[in-house]
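Worksheet: one structure, shown below.
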Amino acid sequence: MDIKILFPDSKEISFPSGTTAAEAVKAWSGDTLPHWVAVKINKQPVDLSYPIQGDARVEGIDIASTEGLSILRHSISHVMAQAVQDVFPGAKVSIGPSIEDGFYYDFEYKEPFTVDDFDKIEKRMKEIVAADNPFIREELPRASAVKLFEERSENYKVELINDLPEDIKVVSIYKQGGYIDLCRGPHIPSTGIIKAFKLLSVAGAYWRGNEKNQMLQRIYGTGFANENELQDYLTLLEEAKKRDHRRLGRELDLFQVNEEAGAGLIIFHPKGMMLRYLIEDWEKKEHLKRGYDMVMGPQILKADLWKKSGHFDHYRDNMYFTEVDEQDYGIKPMNCLSHMLIYKSKIRSYRDLPLRYFELGTVHRHEKTGVLHGLLRVRQFTQDDAHILCTPEQLNSEIIAIADFVKYAMKIFGFEYEVELSTRPENSIGSDADWELATSALENALKDNNISYEVNEGDGAFYGPKIDFKLKDVLKRKWQCATIQCDFTLPERFDLHYIGADGEKHRPVMLHRVILGSIERFIGVLIEHYAGAFPVWLSPTQCILLTVTDKHIPYAQTVHDRLIEAGIRSERYFDNEKLGYKIRQAQMQKIPYMLVIGDKEVEAGTVAPRSRDGKNMGSIAVDEFINMIKDQCEKKQ
RNA sequence: GCCGAUGUAGCUCAGCCGGUAGAGCAACUGAUUCGUAAUCAGUAGGUCACCAGUUCGAUUCUGGUCAUCGGCUCCA
């Protein structure tokens with residue numbers, strides 16, 4: 001019986017049923033296979049060796065496409081698993097998927113792998129690639145598959161099969177050379193297709209991502225269609241390292257983390273603090289424009305209050321406690337409690353709502369040692385925090401206003417971001433009805449605003465669901481900055497109310513929200529985002545005066561005085577060095593403008609600005625320069 | 001917290017099989033007074049993360065602690 005196959009160019013060809021995808025594609029393309037690593041049969045990705053049984057539409061998966069690369073990398077992970085088992089007999093395999101930019105495979109082995117083992121593993125992988133072994137797919141009944149992997153002592157694979165839903169009766173395995181893996185596929189036709197790969201790092205990873213389980217050893221690697229692309233990627237990684245905020249923080253003298261002071265505690269140097277001041281100053285003004293009131297609570301509050309709020313029961317492990325006059329106090333990990341007390345300080349009318357309390361609140365959280373990371377994950381940080389107390393009717397418009405605020409702020413700094421909706425976690429307080437109400441309030445606001453988002457099941461705060469806005473760091477790790485959390489529970493626990501138009505008491509709803517999130521984290525991401533070359537309005541130093549020789553110092557000093565007087569962040573560099581050297585130093589400090597002062601400038605009473613992108617602006621009047629800087633600050637450039 | 005790696009001058013790194021340490025850059029001093037990404041010379045700088053142990057002797061070997069890095073779990 002013949003089947004009809006429709007190809008991408010709309011050509012339709014008949015083949016005998018059971019013709020493989022590869023044969024069909026060859027017949028269509030004229031004996032040579034295009035750069036396809038697999039195909040889609042009726043939208044379903046399958047191997048090139050797949051026998052086509054009925055009428056079908058065939059599309060190619062090019063090795064250069066996202067999907068193709070992902071298949072290639074997944075196949076490389078199998079080759080790596082084979083190599084690891086060849087080099088380290090007894091190593092057990094578990095899972096090995098492709099991921100963004102590469103792949104990994106998790107193993108159990110009696111000895112730890114180190115990067116020094118990579119040479120041996122890569123060498124063996126190259127042999128496997130050279131052998132050009134085909135990837136052979138086989139399907140077998142569950143029971144046989146279990147038996148197969150039991151015989152091979154692959155207990156992780158057995159566990160995976162046993163945990164499959166009951167209606168799955170047949171599983172697929174892939175063989176290449178002597179290696180067998182449980183796998184859905186598809187794979188590249190044979191190992192010889194692999195042209196460029198590299199093992200990158202080794203790390204521990206819990207089996208199935210659960211910290212109660214056995215820790216396995218994960219080897220990360222990457223692969224590309226050709227050597228050039230691999231080299232480009234490795235170069236990119238090197239470049240990314242140069243943007244790392246921890247490195248730039250030191251080079252630009254912004255901050256330090258000091259072992260003597262303690263882990264996860266940031267010490268801001270003058271330039272880092274200036275950057276922080278500029279951000280905070282901008283933010284305060286933006287909040288006042290949007291109807292927020294600035295407030296401030298204490299750093300420690302009695303433990304009983306934390307018990308009342310539920311933090312003691314649900315957040316204690318992350319809190320620090322202290323004792324004052326034989327009374328227990330909790331150091332605040334969040335700013336909400338004081339804000340609740342401010343609300344409660346008098347009777348509120350529905351006419352007062354919404355109330356928006358804003359605080360640059362410094363909080364302490366006990367983070368596990370292994371998670372600390374530069375400015376991005378610390379133990380003390382300051383949130384641009386606000387709590388909005390409003391009527392249920394006001395909820396939607398308040399959420400939308402916050403989402404707009406976030407959008408505006410991100411645009412000022414030029415950030416792209418992803419949005420996630422996080423729902424009720426296991427360890428939480430409040431009624432099902434309230435959670436449902438809160439979650440749908442957030443979800444509706446997103447939908448009303450046409451904001452695309454992903455749902456993050458069970459990732460909400462213990463008191464309410466949240467909308468998270470995530471920024472990416474230079475190594476593509478995502479960090480939550482802005483968040484909006486909807487809370488029906490704390491107003492309940494603190495018995496907040498307002499008098500409605502009907503003269504009755506009603507319960508307000510509370511929104512917790514941050515725009516930049518943690519100022520520390522935001523600065524960390526910001527440093528990487530700008531690669532340390534901050535726009536003029538944020539640069540701790542906006543310009544630096546470079547004298548050509550010592551005799552230009554007196555005039556340069558008068559220029560400096562004028563700039564400082566005008567509110568420009570100017571620095572002097574009057575050292576006895578050649579101009580070229582000073583320019584190089586200023587360039588490495590990424591200062592937006594270097595002002596060269598030589599004979600010409602002294603004579604004409606001007607400055608000669610050179611921007612950090614190398615443009616020479618010639619001699620201009622000092623006032624002209626001042627106005628230019630002010631204009632750029634105004635425009636947030 | 002877990003797995004692995006690492007910790008030597010301000011920074012980047014050398015330092016073999018145990019005999020108390022070096023380079024480049026930065027810093028400081030002097031000379032030079034110079035026009036758009038590195039002038040020359042000299043000087044100084046280290047409880048080799050910390051604490052034990054083995055040893056005649058430990059930066060080196062062993063154990064512990066602390067910190068950092070890459071992940072995992074967790075999270076702003």
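All chains are named by letter (A, B, ...) in the order of the sequence lines, taking the proteins before the strands, and each is independently numbered beginning at 1. Everything numeric here is computed off the predicted structure, so don't read it as measured data.
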**Study point:** Side chain of A/E601 (C-beta onward), nearest among B/rU33, B/rG70, B/rG35
**Key:** B/rG35
Review point. What is the minimum heavy-atom distance between A/S77 and A/Y104, and which atoms define it?
Key: CB-O, 4.0 Å
Check your understanding: Is A/F321 atom CZ crowded by more than 12 heavy atoms from other residues, nucleotides or ligands, each under 6.0 Å away?
Key -> yes
Check your understanding: Between B/rC75, B/rA38, B/rC72, which nucleotide gets closest to the side-chain atoms of A/R584?
Key -> B/rA38
Check your understanding: A/D459 near the nucleic acid: base, sugar-phosphate alone, or nothing, with a heavy-atom cut-off under 4.0 Å?
Key -> sugar-phosphate
Point to revise | Those residues of residues 465-472 of chain A lying under 4.0 Å from RNA chain B by at least one heavy atom | key: A/K466
Check your understanding: Expressed in angstrom and rounded to an integer, what is the separation of A/F107 atom CZ from B/rG71 atom C1'?
Key -> 15 Å
Practice item. Classify the nucleic acid contact of A/E577 as base, sugar-phosphate or nothing, counting any heavy atom under 4.0 Å across all strands shown. Key: base
Review point. Counting any heavy atom closer than 4.0 Å, what does A/K582 reach on the DNA or RNA strands: base, sugar-phosphate only, or nothing?
Key: nothing
Check your understanding: Base of B/rC61 relative to its sugar, syn (within 90° of 0) or anti?
Key -> anti
Point to revise | Candidate nucleotides B/rG4, B/rG35, B/rA67, ranked by approach to the side chain of A/V548 - the nearest | key: B/rG35
Review point. Is any side-chain nitrogen or oxygen of A/R610 closer than 4.0 Å to OP1 or OP2 of B/rA37?
Key: yes
Check your understanding: More than 12 non-hydrogen atoms from neighbouring residues, nucleotides or ligands closer than 6.0 Å to CD on A/E454, yes or no?
Key -> no
Check your understanding: Below 4.0 angstrom from OP1 or OP2 of B/rC69, is there any side-chain N or O of A/R246?
Key -> yes
Check your understanding: Quick one: which of B/rU73, B/rG70, B/rC3 gets closest to the side chain of A/E211?
Key -> B/rU73
Practice item. Pull out every residue in residues 360-371 of chain A that has a heavy atom closer than 4.0 Å to any atom of RNA chain B, ordered by number, or say none. Key: A/R365, A/E367, A/K368, A/T369, A/G370, A/V371
Exercise for review: Could you check whether A/L372 gets within reach of a base, just the sugar-phosphate, or nothing at all, counting any heavy atom under 4.0 Å?
Suggested key: sugar-phosphate
Check your understanding: Which part of the nucleic acid, if any, lies within contact of A/E111, taking any heavy atom under 4.0 Å across all strands shown: a base, the sugar-phosphate backbone alone, or nothing?
Key -> nothing
Check your understanding: With a 4.0 Å cut-off on heavy atoms, is A/Y220 in touch with a base, just the backbone sugar-phosphate, or nothing at all?
Key -> sugar-phosphate
**Study point:** Under 3.5 Å donor-acceptor pair, A/R377 side-chain atoms to B/rC74 base atoms
**Key:** yes
Study note, to complete from the structure: Against the side chain of A/L579, the closest entry in B/rA67, B/rC75, B/rU36 is B/rU36
Revision key, fill the gap. Note: for A/F381 and A/N616 on RNA chain B, the residue whose nearest nucleotide lies more 5' is A/N616
Check your understanding: How do A/W479 and A/D244 order along RNA chain B: which one's closest nucleotide is nearer the 5' end?
Key -> A/D244
Review point. Just by distance, with hydrogens left out, do A/Y463 and A/Q485 show a side-chain donor and acceptor under 3.5 Å apart?
Key: yes
Check your understanding: So which of A/E603, A/E601, A/E624 actually passes side chain to side chain donor-acceptor pair (under 3.5 Å) with A/S619?
Key -> A/E601
Check your understanding: Regarding A/R365 and the six-membered ring of A/Y320, is the cationic atom NZ or CZ under 6.0 Å from the ring centre and inside 45° of its axis?
Key -> no
Exercise for review: Answer yes or no: does a side-chain N or O of A/H373 lie under 4.0 Å from OP1 or OP2 of B/rG70?
Suggested key: yes
Review point. Out of B/rU39, B/rG35, B/rC34, which nucleotide sits closest to the side chain of A/Y581?
Key: B/rU39
Review point. Hey, mind stepping through A/R477 and A/E528 against salt bridge (Lys or Arg N to Asp or Glu O under 4.0 Å) and telling me if it holds?
Key: CA-CA 12 Å; A/R477 293 176 285 214; A/E528 300 190 349; 5.8 Å; no
Review point. More than 12 foreign heavy atoms under 6.0 Å from NZ of A/K198: is that the case here?
Key: no
Exercise for review: Scan A/Y206 against the nucleic acid and name what it touches under 4.0 Å (heavy atoms): base, sugar-phosphate only, or nothing.
Suggested key: base
Revision key, fill the gap. Of B/rC34, B/rC2, B/rG35, the nucleotide closest to the side chain of A/M215 is B/rC2
Practice item. Could you tell me whether A/G614 contacts a base, only the sugar-phosphate backbone, or nothing, with contacts defined as non-hydrogen atoms closer than 4.0 Å? Key: nothing
